[in-house]
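Comments concern the structure below.
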Amino acid sequence: MRVLLVEDDPVIAEPLERGMKRYGHTVHRAATGREALRAGTAWDMVLLDLGLPDIDGLDVCRQLRADSDVSLIMISARDSEADKVVGLELGADDYLVKPFLVRELIARMRAVQRRRASASPPAQDPFESGRPGVVIELPAPGRTLDRYGRVVLDRQAHRVFLDGAEVALPPREYALLAFLTAQPDVLVTRETIMSSVWDANWFGPTRTLDTHVSALRHKFGDALTIEAVRGVGFRLTISPRTTTRPSAS
Ligand code: CA
């Protein structure tokens, strides 16, 4: 592959470049956001650091995505769920948290290319089963879907399905759902949720959390129960698989 590596820190960029060359890839380096944008989009893969000296990597991604569908993996030391969600919402194909092994990066690059190759005829979206109540698994190797009764999460693609139909969630609602479903039946404190889903240094009101919980309750009906424990936090319970939807729908 012809790879554009956008990374300002030579201590990271140099071994990465050497490693990728060992796997037969051609590497062009950019050390700033401006250089990255000047380098254009005629690459097989862009590896984009988020912490750049001039333009934030998320903005670089947004600008690249404005006129290009180039394959793009974000590489970052920021490992908050929120950053990942924003990155993927902006159109990154994947998100890798530093430090990582070159081996792992190469595997992710290949997975992105495979996923794109298998998704290229747009009429054959594997999620479009056309039949309510049926979820079709993605064909990409290694792709797993997490099932919680009637709710299915594709954690890699940040997509959610209820009874087989996709539920479009804003990034923060997705992050909250992903966080709570990872620990069903556990009472999670407001502080833990705020620091994990919102910001590691959250001080202040947590009303926004209640708003997001209400939105999830509304969207998932009786497939999930998010129980509020006054003064403490929330507990998510998953309802069993049996659906109670009217059969005529
Ligand atoms: Ca950096």
Side-chain angles (χ1 to χ4, degrees), residues 1-116 142 155-158 170-172 174-176 178-179 182 194-203:
M1 290 184 216
R2 293 182 64 245
V3 179
L4 173 65
L5 171 60
V6 187
E7 169 65 71
D8 59 311
D9 186 349
V11 174
I12 293 169
E14 275 159 22
L16 260 187
E17 178 179 3
R18 274 200 306 277
M20 282 191 285
K21 282 181 171 165
R22 269 205 310 277
Y23 283 85
H25 301 299
T26 311
V27 179
H28 177 86
R29 268 167 57 185
T32 64
R34 275 190 201 89
E35 271 181 47
L37 293 172
R38 267 203 305 274
T41 55
W43 309 99
D44 300 312
M45 178 67 64
V46 175
L47 302 175
L48 178 61
D49 176 32
L50 293 191
L52 296 169
D54 54 347
I55 311 174
D56 188 273
L58 291 172
D59 289 320
V60 174
C61 177
R62 194 177 287 121
Q63 290 187 49
L64 287 175
R65 271 287 171 265
D67 50 18
S68 156
D69 193 34
V70 64
S71 298
L72 189 149
I73 297 178
M74 287 181 173
I75 50 174
S76 173
R78 305 181 201 163
D79 68 347
S80 81
E81 188 74 9
D83 272 316
K84 285 179 214 173
V85 170
V86 171
L88 295 169
E89 281 288 310
L90 286 175
D93 291 281
D94 204 349
Y95 191 109
L96 200 52
V97 178
K98 294 177 196 169
F100 50 80
L101 299 170
V102 172
R103 223 182 24 242
E104 186 185 0
L105 173 66
I106 299 287
R108 299 280 194 107
M109 286 164 57
R110 286 177 183 155
V112 165
Q113 298 304 65
R114 267 201 309 269
R115 218 151 56 217
R116 283 175 162 250
R155 290 183 185 267
Q156 283 166 282
H158 291 240
R172 198 76 77 173
Y174 172 82
L176 177 60
F179 185 74
M194 291 310 293
S195 64
S196 305
V197 177
W198 270 264
D199 188 277
N201 301 301
W202 184 278
F203 300 102

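Each ligand, and each atom within it, is numbered from 1 in the order the structure gives. Throughout, residue positions are numbered sequentially from 1 according to the sequence presented.
- With salt bridges taken as basic N to acidic carboxylate O contacts below 4.0 Å, one links Arg65 and Asp93.
- Ion pair Glu14/Arg18 not flagged as a salt bridge, since none of the NZ, NE, NH1 or NH2 atoms sits closer than 4.0 Å to an Asp/Glu carboxylate oxygen.
- The CE atom of Met1 sits 4.5 Å away from atom CD of Gln113, with the distance rounded to the nearest 0.5 Å.
- Interatomic distance, CG of Asp8 versus CG of Asp54, reported as 9.0 Å (0.5 Å rounding).
- Tally of protein N, O or S atoms closer to the Ca ion (ligand 1) than 3.0 Å: 3.
- The aromatic rings of His28 and Trp43 sit parallel to each other, their planes meeting at less than 30°, with 60° as the upper class boundary.
- Rounding to the nearest 0.5 angstrom, the gap separating the CG atom in Leu52 from the CG atom in Asp9 is 11.0 Å.
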